Number of protein chains: 2
Amino acid sequence: MKSKITLKKIAKEFDVSISTVSKALKGSHEISKEVREKIKAFAAYYNYKPNSLALNLRNQKTKTIGLIIPEIVHHFFTKVISGIEHVANERGYNVMICLSNESYEKEILNMDMLANGIVDGIIVSVAKETEEKETYNHFKELINNGIPLVLFDMVIEEINCNKVITDDIGGGYLACNHLINMGCKRIAILTTPDHISVGIKRKKGYLKALHENNYPIDEDLILKIDEKNSIEDQINNLFELTNPPDGIFGVNEIYAATAIKIAHKKGLEIPDDIAIIGFTNGLISNFTTPPLTTVAQHGSTMGERALELLLDEIEYQDTDYKYKTEVIKTDLIMRNSTKKIPKNTFK
Amino acid sequence: MKSKITLKKIAKEFDVSISTVSKALKGSHEISKEVREKIKAFAAYYNYKPNSLALNLRNQKTKTIGLIIPEIVHHFFTKVISGIEHVANERGYNVMICLSNESYEKEILNMDMLANGIVDGIIVSVAKETEEKETYNHFKELINNGIPLVLFDMVIEEINCNKVITDDIGGGYLACNHLINMGCKRIAILTTPDHISVGIKRKKGYLKALHENNYPIDEDLILKIDEKNSIEDQINNLFELTNPPDGIFGVNEIYAATAIKIAHKKGLEIPDDIAIIGFTNGLISNFTTPPLTTVAQHGSTMGERALELLLDEIEYQDTDYKYKTEVIKTDLIMRNSTKKIPKNTFK
DNA sequence: AAACATTACGCAAACGTTTTCGTGTTAATA
DNA sequence: TATTAACACGAAAACGTTTGCGTAATGTTT
């Protein structure tokens with residue numbers, strides 16, 4: 001277990017100064033060809049690599065960016081990470097991923113850790129707890145310290161920085177409108193409690209579509225799912241209404257897939273008896289029976305744009321930098337959970 | 001955009017030396033109470049945090065560990081990450097996640113990057129390309145440089161380091177045995193090409209179970225899926241055999257879920273006409289129709305153990321450290337894709 | 001031979017921190 | 001009053017790197 005080779009050790013080996021070694025390895029003509037070559041050979045043999053910490057300290061930049069996300073066991077976030085990694089590779093940056101687990105405390109802990117010189121900038125999707133608490137001082141401090149910040153997905157209006165968000169309203173509209181086009185008359189929405197902004201926005205789109213088509217709004221069909229209790233039970237209640245829905249829009253993949261599961265249990269045919277549409281084109285959607293029609297939110301595009309914005313800010317020279325908010329459009333992915341086809345051909 | 005506050009700046013502010021500031025902030029009694037307090041107050045106001053790069057450089061350790069995985073859009077790896085994060089938090093470490101995208105080149109790139117002082121140790125699941133190439137010099141160099149290494153999931157026999165692996169043989173045995181118990185007579189396996197070790201091992205377990213029960217081995221029922229071509233088409237061929245299987249073991253979740261999809265298309269009843277079992281209890285398994293029976297490999301446990309082993313090595317003082325290989329057992333998760341129940345109650 | 005240019009290297013500062021060892025001043029003791 | 005102890009702080013080295021500047025020893029001009 002020999003320890004890492006350094007300039008100092010090489011210098012000692014050849015009885016020259018550290019600067020000579022440094023210059024030799026950089027191929028400087030200040031150093032005679034002879035000395036240069038032998039130092040290079042020696043360094044190559046011992047696999048010398050300059051210590052990043054020292055380099056970063058000297059250069060006052062690390063070519064590393066930090067990413068804080070609420071959870072990792074989540075298809076959307078893994079797609080975002082892919083997008084970020086992609087751009088990071090292209091532009092020579094590394095990514096440090098931290099998890100907040102939706103906790104306010106951990107979000108701050110992670111930010112403090114990253115902000116101490118380790119990274120050149122930070123990308124964050126805000127934790128649910130932070131959103132509930134509505135205390136955003138840690139973001140303001142970060143910005144005050146001159147560390148570039150990009151918020152994505154879960155963003156905060158009042159923080160002045162670059163942002164990348166999904167067009168949740170448009171996506172909700174797309175979903176609901178599609179169900180209307182498919183002939184559904186009573187369209188339910190499986191959404192989140194009122195403190196989760198993405199749920200609110202997707203519901204907004206849903207309401208907009210209903211309104212434009214002169215559909216009445218039935219509060220019984222708006223189910224705010226409390227994740228502390230059984231999702232299945234809550235959705236089950238919807239099916240037991242005296243006047244049950246014939247179309248369901250789940251604001252995420254799990255809600256929609258669970259609705260499919262329950263519809264099966266109830267002996268309902270999908271999409272003939274009930275059409276179901278989800279949000280986020282994740283792993284599950286393609287493997288339900290029938291496959292789930294869904295609103296795709298382009299996670300990797302969001303990741304790419306988030307990092308691009310961050311790097312723009314990091315590498316910006318002038319003083320008049322203007323923050324942007326980018327809205328990533330959603331797309332409808334049509335599968336069989338909403339496609340009305342003649343009964344006899346669907347099994 | 002004021003830049004970060006440092007000891008030097010605080011020292012200047014009060015016209016004292018840097019060391020005085022450092023000691024004051026650490027509450028040293030060498031510094032008079034008066035000076036100590038005012039420096040502390042000032043530092044708190046400006047939110048002083050010591051620069052991590054400088055600290056790490058000085059301490060010759062970073063309390064950060066590196067993780068290199070082949071891909072992130074993958075339920076198993078996200079579970080592993082959760083496990084690692086969990087232990088890292090408990091023991092005051094940070095995690096830097098890098099993706100190799102199954103590429104040999106990127107794996108080396110990532111390792112070089114991490115090895116230059118950024119991390120105290122590295123956890124790796126080897127990329128497929130590396131496994132194919134069978135060139136492992138980068139691992140040997142790492143170990144020669146005295147950087148602790150733990151391999152997990154995809155490991156390499158000949159590398160001398162700590163390892164954490166799934167009991168793939170046992171899992172394959174579990175799966176096949178279960179199908180036998182359920183009364184299947186012709187059991188197919190959807191596995192990987194021969195250079196992927198996990199596929200080989202799971203197949204080994206499958207063969208062992210067949211052998212113990214005096215089942216003949218039918219090469220037609222051993223399908224090595226080539227992911228460069230359509231998975232669906234390849235599995236479809238299995239169903240078209242003159243003597244098709246009545247039980248299918250997919251060595252991962254996608255293969256098994258795809259088999260379910262195709263069985264539906266063929267109008268087969270699951271599990272009555274054909275029973276299907278998967279490997280890895282991921283997101284999909286719970287939402288197929290019927291839900292997929294599967295062999296669970298405990299990803300988060302693997303992550304936890306991997307980091308614990310790594311930290312043991314990092315923090316080990318004596319010279320007689322012995323490497324271990326931990327085998328994580330698998331469990332059978334019973335769902336309806338294999339459970340034979342009377343036809344009329346299953347829909 | 002004097003003046004100058006070139007070659008080949010070393011010195012030292014800087015990045016931000018911690019910590020050991022001095023050291024000057026004051027206060028307490030003999 | 002001389003010696004010592006306590007106090008309160010500063011200097012400097014160390015972690016590993018890069019780079020501007022200085023300089024001794026050559027080599028090249030007039």
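Quantities reported herein were computed from a predicted structural model and do not represent experimental measurements. A note on names: the letters A, B, ... follow the listed sequences, proteins ahead of strands, and every chain is numbered from 1.
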Q: Within less than 4.0 Å of OP1 or OP2 of C/dC9, is there a side-chain N or O belonging to A/Lys23?
A: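 Answer is no, no contact under 4.0 Å.
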Q: Only distances under 3.5 Å count here; give the side-chain donor-acceptor pairs of residues 306-314 of chain A to other protein atoms, sequence neighbours excluded, each with its distance to 0.1 Å.
A:
from, atom 1, to, atom 2, distance (Å)
A/Glu308, OE1, A/Arg305, NH1, 2.2
A/Glu313, OE2, A/Tyr323, OH, 3.2

Q: According to a strict under-4.0 Å criterion, is B/Ser22 in side-chain N/O contact with OP1 or OP2 of C/dT18?
A: yes
Q: With a 4.0 Å cut-off on heavy atoms, is A/Tyr48 in touch with a base, just the backbone sugar-phosphate, or nothing at all?
A: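 It contacts sugar-phosphate atoms only.
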Q: May I have all residue pairs that pass side chain to side chain donor-acceptor pair (under 3.5 Å) and include part of residues 22-45 of chain B, sequence neighbours excluded?
A: B/Lys23-B/Glu30
Q: How would you give the extent of chain A contacts on DNA chain D, as first and last nucleotide 5' to 3' within a 4.0 Å heavy-atom cut-off?
A: D/dC15 to D/dC21
Q: Here's a test of your reading of the structure: between B/Ile5 and A/Glu30, which maps to the more 5' nucleotide of DNA chain C?
A: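 Between the two, 5'-proximity favours A/Glu30.
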Q: Under the side chain to side chain donor-acceptor pair (under 3.5 Å) rule, what pairs show up with a residue in residues 114-128 of chain A, not counting sequence neighbours?
A: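 For residues 114-128 of chain A, and leaving out neighbouring residues, the side chain to side chain donor-acceptor pair (under 3.5 Å) pairs sorted by first residue read A/Thr62-A/Asp120.
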Q: For DNA chain D, determine which residues of residues 49-63 of chain B have any heavy atom closer than 4.0 angstrom to one of its atoms, and list them numerically.
A: B/Leu57, B/Arg58, B/Gln60
Q: Which residue pairs pass the salt bridge (Lys or Arg N to Asp or Glu O under 4.0 Å) test with at least one member in residues 47-73 of chain A, sequence neighbours excluded?
A: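 For residues 47-73 of chain A, and leaving out neighbouring residues, the salt bridge (Lys or Arg N to Asp or Glu O under 4.0 Å) pairs sorted by first residue read A/Lys49-B/Asp112.
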Q: For B/Val155, give me all partners under side chain to side chain contact (heavy atoms under 4.5 Å, CB included), at least two apart in sequence or on another chain.
A: B/Leu151, B/Lys163, B/Ile165
Q: A/Leu142: what forms a side chain to side chain contact (heavy atoms under 4.5 Å, CB included) with it, not counting sequence neighbours?
A: A/Met111, A/Ala115, A/Ile122, A/Ile147, A/Leu149
Q: How would you list, by chain and number, every residue that makes a salt bridge (charged side-chain N to carboxylate O under 4.0 Å, His left out) with A/Glu304, sequence neighbours excluded?
A: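 Partners of A/Glu304 under the salt bridge (charged side-chain N to carboxylate O under 4.0 Å, His left out) test: none.
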Q: Tell me whether B/Glu315 is salt-bridged to B/Arg91, with the criterion being a basic N under 4.0 Å from an acidic carboxylate O.
A: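 B/Arg91 and B/Glu315: salt-bridged.
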Q: Quick check on contacts: within residues 109-120 of chain A, what sits under 4.0 Å from DNA chain D by heavy-atom distance?
A: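 Of all residues in residues 109-120 of chain A, none places a heavy atom under 4.0 Å from DNA chain D.
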Q: Quick one: pull up OG1 in B/Thr64 and CG in B/Asn94 and give me the separation to the nearest 0.5 Å.
A: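 Answer rounded to 0.5 Å: 4.5 Å.
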Q: Show every ring pair (Phe, Tyr, Trp, His ring centres under 6.0 Å) that has at least one partner inside residues 81-103 of chain A, sequence neighbours left out.
A: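 Non-adjacent pairs meeting ring pair (Phe, Tyr, Trp, His ring centres under 6.0 Å): zero.
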Q: Residues two or more places apart in sequence or in another chain: which of them pass salt bridge (charged side-chain N to carboxylate O under 4.0 Å, His left out) with B/Glu90?
A: none
Q: In whole angstrom, give the distance that lies between atom CD1 of A/Ile39 and atom C1' of C/dA8.
A: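 A/Ile39 atom CD1 is separated from C/dA8 atom C1' by 12 Å.
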Q: Between A/Thr6 and B/Ser17, who's closer to the 5' end of DNA chain D by nearest nucleotide?
A: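 Nearest nucleotide further toward 5': that of B/Ser17.
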Q: Does a side-chain N or O from A/Ser32 land closer than 4.0 Å to OP1 or OP2 of C/dC9, or not?
A: yes
Q: Of the nucleotides C/dA12, C/dT17, C/dT19, which one has an atom closest to the side chain of B/Ile18?
A: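 Within the option list, the nearest is C/dT17.
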